[in-house]
Amino acid sequence: MHGVRKWQSELSHEILAAIIDSAPTANVMVDGEGRIVLANAEAERMFRYPREEMMGLGIEQLVPERFRDLHRIHRTGYLVQPLARGMGQGRDLYGLRRDGSEFPIEIGLNPVETQEGPFVLSAIVDITERKEIENRFRLAVEAAPVAILMVDAAGRIALANPESARLFGFSVSELIGQPLDMLVPDAQRGQHPALRQGFIANPASRRMGGGRVLHALRKDNSEVPVAIGLAPLNTPEGQLVLSVIVDISERVAAEEKQRALNEELERRVGERTAELAQAIEALTESNVELQQFAYVASHDLQTPLRGIAGCAQILESQYSDAVDEAGRDIIRRMVQSTVHLQALIRDLLAYSRIENRERPFMPVDLNAVLTESLALLDASIIESHATVTHDPLPTVIGDRTQLVQLFSNVIGNAVKYHGDALPVVHVWATPEEADTWRISIRDNGIGIAAEHLERVFEVFTRLHSHKAYPGTGIGLAVCRRVVGRHNGRIWVDSVPGEGSTFHFTLGVPASTPAQPESEKST
């Protein structure tokens, strides 16, 4: 029976030794003198000693030299009051390898009472990787461009990075251990503890303030607008709260500036709207006055003017021989003036009637419009020996009468303002976006200087004397009003001495009738 117990005892020791040897942590047992009496395979690997060399080695040989004296004191004290616990709590511990290199460790101590006396079993963990991760985290926190605070469950600051010190005007050491409430403005400080406890009771990563602009208190008692993000952290020391704090002073200032700009813009828009309303009112009054003038011109002025013109023509035809050359010149001037005045009134009437919207817009074939315009200009074309050609033209939506007037004025100018060469005019159309056509009319006339390209569309603008080129200076102004009524625009390209090309845009219907022959000459 004694042999059986001995065999069982030896077997249990073998099993225990195998379990310790296969443990994933380093296990080292020392006696009361601090000599190693047991070391497993992981201890061999960790400290890089052969097991036979570790046996009997003083445990201080595995401790860096600068810690050895303190270690002996702690070891002796532990044997006086042996309890299972972690070693060096709150301190960084390091192990020393056989090659002299150091590495960070955690140690758990367990007392073992035997017949041979007290022993201490140490479970040792290499925490190099964890320390590297912690160091990376520390470096990231210290280098972060935003303030980072870590607060414990009691509301005290456990970690602060340099940016938080800069933001709040404290040093890092002044922040550590202080209540977080010291950074909360007086007006909100009373509410903050309840809010903090509410977050701890229901922890979840979120933005603090629910979209409101929050303020933090600096050391100098000034306040700074901030945005705060919260994240809970569960650690062996308990729950912590990580706060990321961003200074949004520039954003708030920009938003305030934008708000002021918006208010200023609204004020200016209001002023401009009022001015526009006044301008529209004035324009309406002006249009009414223009319509009244048109009525007076057509009824009250035309009749006496025709009488004056008739008398002047009678004087010229029947009584020119009764006066000398000076008298005949006066009669000729009188006839020319009445003719010019009649043309001026006629053109002003045409200008004033352009905005008349009684005639609805409808599809208009521009080929037919061009034919009608050329018929009206037939005498001028024959007299100047002009040639007018055109490519196929589209159908547009518009006022046929006004479009005839538009073509007549532009082509009439092209025929009138020619140089030494016989007038040559060509008309074509180019499709543009949104069902719009650009109509172009090119001539080989005297051209227009660059500084006058805009002025030619103003009322009463004349670039030449009446003697050189008769006219009232209203024709192109009429053209601009006609194009404007058709929601288009008109402009001119010109080279003095080489000719001009007038362009204007007009809308078209959904479908365009078939085009006539490719070109027409007159």
Side-chain angles (χ1 to χ4, degrees), residues 297-298 302 305-306 308-310 312-314 316-317 320 331-351 353-354 364-391 393 399-428 439-448 456 460-479 482 492 499-502 504 516-517 519-522:
S298 61
Q302 289 281 29
L305 183 59
R306 280 194 294 268
I308 295 172
Q313 290 170 354
I314 291 173
E316 184 180 34
S317 62
S320 60
I331 293 174
R332 281 194 299 272
R333 289 174 181 270
M334 184 185 302
V335 172
Q336 291 173 354
S337 296
T338 54
V339 171
H340 178 69
L341 185 55
Q342 286 177 317
L344 182 61
I345 292 175
R346 183 180 63 251
D347 289 348
L348 280 173
L349 285 172
Y351 184 78
R353 289 170 178 165
I354 289 173
V364 179
D365 182 1
L366 292 185
N367 296 284
V369 167
L370 178 60
T371 300
E372 187 174 342
S373 299
L374 295 179
L376 293 174
L377 296 170
D378 190 59
S380 299
I381 292 173
I382 293 174
E383 181 181 352
S384 61
H385 302 286
T387 300
V388 180
T389 60
H390 72 93
D391 293 341
L393 300 177
D399 184 320
R400 178 186 178 91
T401 301
Q402 290 184 352
L403 292 178
V404 170
Q405 190 175 26
L406 170 63
F407 274 73
S408 298
N409 285 354
V410 177
I411 297 174
N413 279 352
V415 172
K416 178 169 64 175
Y417 292 100
H418 67 85
D420 296 334
L422 296 178
V424 175
V425 181
H426 184 67
V427 184
W428 74 95
I439 311 302
S440 302
I441 301 176
R442 183 181 63 230
D443 65 54
N444 63 337
I446 60 176
I448 303 169
V456 293
F460 301 125
T461 296
R462 291 184 51 81
L463 306 181
H464 309 279
S465 68
H466 186 272
K467 183 177 180 180
Y469 295 98
T472 61
I474 300 178
L476 290 179
V478 169
C479 292
V482 169
V492 59
S500 303
T501 302
F502 283 81
F504 51 87
E517 66 275 7
E519 187 171 17
K520 172 182 176 181
S521 297
T522 302

Output, in order, the C-alpha distance, side-chain angles, deciding distance and verdict of side-chain contact (heavy atoms from CB on, under 4.5 Å) for T401 and V404. CA-CA 5 Å; T401 301; V404 170; 5.9 Å; no
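- Scanning all heavy atoms of the two residues, the minimum distance from P423 to S384 falls at CD-O, 3.2 Å.
- Using a distance-only test at 3.5 Å, with no hydrogens or angles considered, no donor-acceptor pair links the side chain of T387 to the main chain of V424.
- The shortest heavy-atom contact between H426 and T389 is ND1-OG1, 2.6 Å.
- Residue pairs meeting the salt bridge (charged side-chain N to carboxylate O under 4.0 Å, His left out) criterion with at least one partner in residues 367-376, sequence neighbours excluded, are E372-R400.
- Under the rule for a salt bridge (charged side-chain N to carboxylate O under 4.0 Å, His left out), R442 has no partner lying at least two apart in sequence or in another chain.
- S408 and L377 get closest at one heavy-atom pair: O-CD1, 3.6 Å.
- For the atom pair OG (S500) and CD1 (I446), the distance works out to 8.0 Å, reported to the nearest 0.5 Å.
- Of the inter-residue distances, the one linking T371 atom OG1 with L376 atom CG reads 11.0 Å to the nearest 0.5 angstrom.
- Here the closest heavy-atom approach between residue L393 and residue N367 is recorded as O-ND2, 2.7 Å.
- The heavy-atom pair separating N444 from L422 by the smallest distance is ND2-O, 3.1 Å.
- Put simply, the side chain of D443 never gets that close to the backbone of I411: no donor and acceptor are under 3.5 Å apart.
- Not less than 6.0 angstrom separates the ring centroid of F407 from the ring centroid of F502.
- Note that CG of L370 and CD1 of I441 are 8.0 Å apart. Values are rounded to the nearest 0.5 Å.
- For the atom pair CG of L403 and CD1 of I439, the computed distance is 9.5 Å after rounding to the nearest 0.5 Å.
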Mind running side-chain contact (heavy atoms from CB on, under 4.5 Å) on N409 and Q405 for me, showing each step along the way? CA-CA 6 Å; N409 285 354; Q405 190 175 26; 4.2 Å; yes
